[in-house]
Amino acid sequence: MRKLFVAVCLLALFSTPATALEVSEGRLRLVLHESSGRFSLDYRADLDSSHYVPLLDSSDPRTSGLWIRDGNDIYRLGSSSRFELDVERRTGAARFIWTSSILRITQDFSFVTSENAKLANGVLTTVTIENVSERSREVEARYLFDTYLAESQQTHFITEAGSRVRAENEMTPSASNSWWASPDSERDSVGFQQLVSGEGITEADRVVFANWKRLSETTYGYTANNRRTFSLLPYSIDDSAAAVYYGPQELRPGETRTITTVVGNFDSDGYTDFSGARTETAELLDRASDEAPPELDRETVQRELVSVNDLIDEINTILEESDDFDREDVEVIEEILRRLKTRKEAYDTR
């Protein structure tokens, strides 16, 4: 159940103009909220629908976020007056930039595709912390993710090692325990997942699962107590969250530290290719764009025929090379055909 203060937060949120940078790819929509320095991640479970499922609690994006600890000083990025925030759109990606007289922190976002998906369903996020001061600093970081998809069931979190988390608990990332997830209680194909270990991923020191309010109101460090549930009476009931800790590292003047993770929709086989290259299926969908076609002439007809033939060849390739023909294959092919039909109808009306 959601927090008591959310109503107050929403009133504050809508009382002032809010801007956001939105970037979409494949099944994901990433929104960078410029007013708060937080991000939202939404998943399009059905290509036949324009509806997106929020992967994190969407009542207020400020309930999730990134903390930086610099010695005894702790900064909740987006809420600290010590840092100025800039937001940049990049090709197929986006970036937060926090700047102060001591640290410069960038958070880069780019889309990736999980092992079993045809379209982008995850985001590679890289935090780079640069010491711009004139003395050495010891810095560490903490993500807080306000999950909600599994809160209506007994198991709020699962891990690669097979743990089913039903009360406060702590996870130690390793090569055999490289991810945790908050699975949707109603849809097997939907869930929030984070990679906390593995090739190309910065291994977290620990992951703490606890009540959101307890984690949010703790200054930084939190120790799980497995005798506690995810409730904090009287208002915060079955409200779980995950805090992911990256331990201290000394940075001399001019040195940087990088923390890389992947967040996205749940895939038990994880994410392996972080190159950012678009899949052939994504390119296929683009080529079947339903944008209004140009004036019809001989050259246009020839170009469209070549395009359609190429698309048919690629569809046949999908059919021939898929040993295990799954639901997503069918969805993608149906979406391609819908887009081609839309183009044809646009020509018919000219």
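No experiment lies behind these values; they were computed from the predicted model shown.
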*Under a single-linkage rule joining Ile, Leu, Val, Met, Phe, Trp and Tyr whose side-chain heavy atoms are separated by less than 4.5 Å, which residues share a cluster with Val31?*
none
*Linking Ile, Leu, Val, Met, Phe, Trp and Tyr by side-chain heavy atoms under 4.5 Å, what else ends up with Leu232?*
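When side chains under 4.5 Å apart are linked, Leu232 ends up in no cluster with other residues.
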What's the shortest heavy-atom distance between [X] and [Y], and which atoms?
{"X": "Asn131", "Y": "Ile102", "value": "OD1-O, 3.4 Å"}
{"X": "Val165", "Y": "Phe230", "value": "CG1-CZ, 3.9 Å"}
{"X": "Ala20", "Y": "His33", "value": "CB-ND1, 4.2 Å"}
{"X": "Pro173", "Y": "Ala204", "value": "CG-O, 3.4 Å"}
{"X": "Leu124", "Y": "Val112", "value": "CB-CG1, 3.8 Å"}
{"X": "Ile259", "Y": "Thr202", "value": "CA-OG1, 3.5 Å"}

Would you check if the side chain of [X] reaches a backbone N or O of [Y] as a donor-acceptor pair within less than 3.5 Å?
{"X": "Ser240", "Y": "Asn211", "value": "no"}
{"X": "Ser80", "Y": "Arg76", "value": "no"}
{"X": "Thr261", "Y": "Leu195", "value": "yes"}

*asked:* Please determine whether side chain to side chain contact (heavy atoms under 4.5 Å, CB included) holds for the pair Asn265 and Arg27, giving the CA-CA distance in whole Å, both sets of side-chain angles, and the decisive distance to 0.1 Å.
replied: CA-CA 9 Å; Asn265 191 55; Arg27 292 181 179 269; over 6 Å; no
*Does the side chain of Pro183 come within less than 4.5 Å of Gln193's, by heavy atoms?*
no
Donor-acceptor pairs under 3.5 angstrom involving side-chain atoms of residues 46-53: please list them, not counting sequence neighbours.
residue, atom, partner, partner atom, Å
Asp46, OD1, Asp48, N, 2.9
Asp48, OD1, Arg338, NH1, 3.4
Ser49, OG, His51, N, 3.0

Identify whether [X] and [Y] are in the same connected component of the hydrophobic contact network (ILVMFWY, side-chain heavy atoms under 4.5 Å).
{"X": "Trp67", "Y": "Val208", "answer": "yes"}
{"X": "Leu119", "Y": "Tyr271", "answer": "no"}
{"X": "Leu21", "Y": "Phe96", "answer": "yes"}
{"X": "Leu77", "Y": "Val123", "answer": "yes"}
{"X": "Phe274", "Y": "Leu28", "answer": "no"}

*Using the ring pair (Phe, Tyr, Trp, His ring centres under 6.0 Å) rule, collect all pairs that involve residues 238-267, keeping only residues at least two apart or in two chains.*
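Only Trp179-Phe266, Tyr220-Tyr245 qualify under ring pair (Phe, Tyr, Trp, His ring centres under 6.0 Å).
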*Under the ring-ring contact (aromatic ring centres under 6.0 Å, His included) rule, collect the residues that match up with Phe145, sequence neighbours excluded.*
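Partners of Phe145 by the ring-ring contact (aromatic ring centres under 6.0 Å, His included) criterion, ordered by chain and then number, come out as Tyr143, Phe192.
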*What residues form a ring-ring contact (aromatic ring centres under 6.0 Å, His included) with Phe209, not counting sequence neighbours?*
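With neighbours one apart ignored, the set is Phe157, Trp180.
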*asked:* Per the salt bridge (charged side-chain N to carboxylate O under 4.0 Å, His left out) rule, what does the pair list look like for residues 192-207, sequence neighbours excluded?
replied: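 Pairs touching residues 192-207 that pass the test: Glu170-Arg206.
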*Which residue pairs pass the salt bridge (charged side-chain N to carboxylate O under 4.0 Å, His left out) test with at least one member in residues 244-268, sequence neighbours excluded?*
Arg252-Glu255
*Option among Thr147, Asp42, Asp146, Val263 that satisfies the side chain to side chain contact (heavy atoms under 4.5 Å, CB included) test with Leu56*: Thr147
Compile the donor-acceptor pairs under 3.5 Å between side chains in residues 83-90 and protein atoms, sequence neighbours left out, one pair per line.
residue, atom, partner, partner atom, Å
Arg89, NH1, Glu22, O, 3.3
Arg89, NH2, Glu22, O, 3.4
Arg90, NH1, Asp108, OD1, 3.1

*Could you list the residues that satisfy side chain to side chain donor-acceptor pair (under 3.5 Å) with Arg69, not counting sequence neighbours?*
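Scan of Arg69 (side chain to side chain donor-acceptor pair (under 3.5 Å), adjacent residues dropped) gives none.
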*asked:* My understanding is that only residues two or more places apart in sequence, or in another chain, count here; which of them pass side chain to side chain donor-acceptor pair (under 3.5 Å) with Thr172?
replied: none
*Roughly how far apart are Lys213 NZ and Ile237 CD1, rounded to 0.5 Å?*
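Between Lys213 NZ and Ile237 CD1, I get 11.5 Å after rounding to 0.5 Å.
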*Might you confirm whether atom CZ of Arg166 has over 12 heavy atoms from other residues, nucleotides or ligands at distances under 6.0 Å?*
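For Arg166, atom CZ is crowded (more than 12 foreign heavy atoms under 6.0 Å).
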*Would the number of heavy atoms belonging to other residues, nucleotides or ligands and lying under 6.0 Å from CG of Asp269 be above 12?*
yes
*Show your working on side chain to side chain donor-acceptor pair (under 3.5 Å) between Arg38 and Ser79 and close with a plain yes or no.*
CA-CA 10 Å; Arg38 311 298 203 279; Ser79 300; 3.1 Å; yes
*Residues in salt bridge (Lys or Arg N to Asp or Glu O under 4.0 Å) with Arg164, at least two apart?*
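Arg164: no salt bridge (Lys or Arg N to Asp or Glu O under 4.0 Å) contacts found.
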*Test side chain to side chain contact (heavy atoms under 4.5 Å, CB included) applied to Asp239 and Asp57, step by step*: CA-CA 10 Å; Asp239 188 7; Asp57 179 28; over 6 Å; no
*Passes side chain to side chain contact (heavy atoms under 4.5 Å, CB included), Ser216 versus Arg62? Steps please.*
CA-CA 10 Å; Ser216 180; Arg62 291 173 292 181; over 6 Å; no
*Given the rule in the side chain to side chain contact (heavy atoms under 4.5 Å, CB included) test, do Trp212 and Leu144 qualify, once you have shown the distances and angles that lead to the verdict?*
CA-CA 9 Å; Trp212 174 86; Leu144 176 61; 4.0 Å; yes
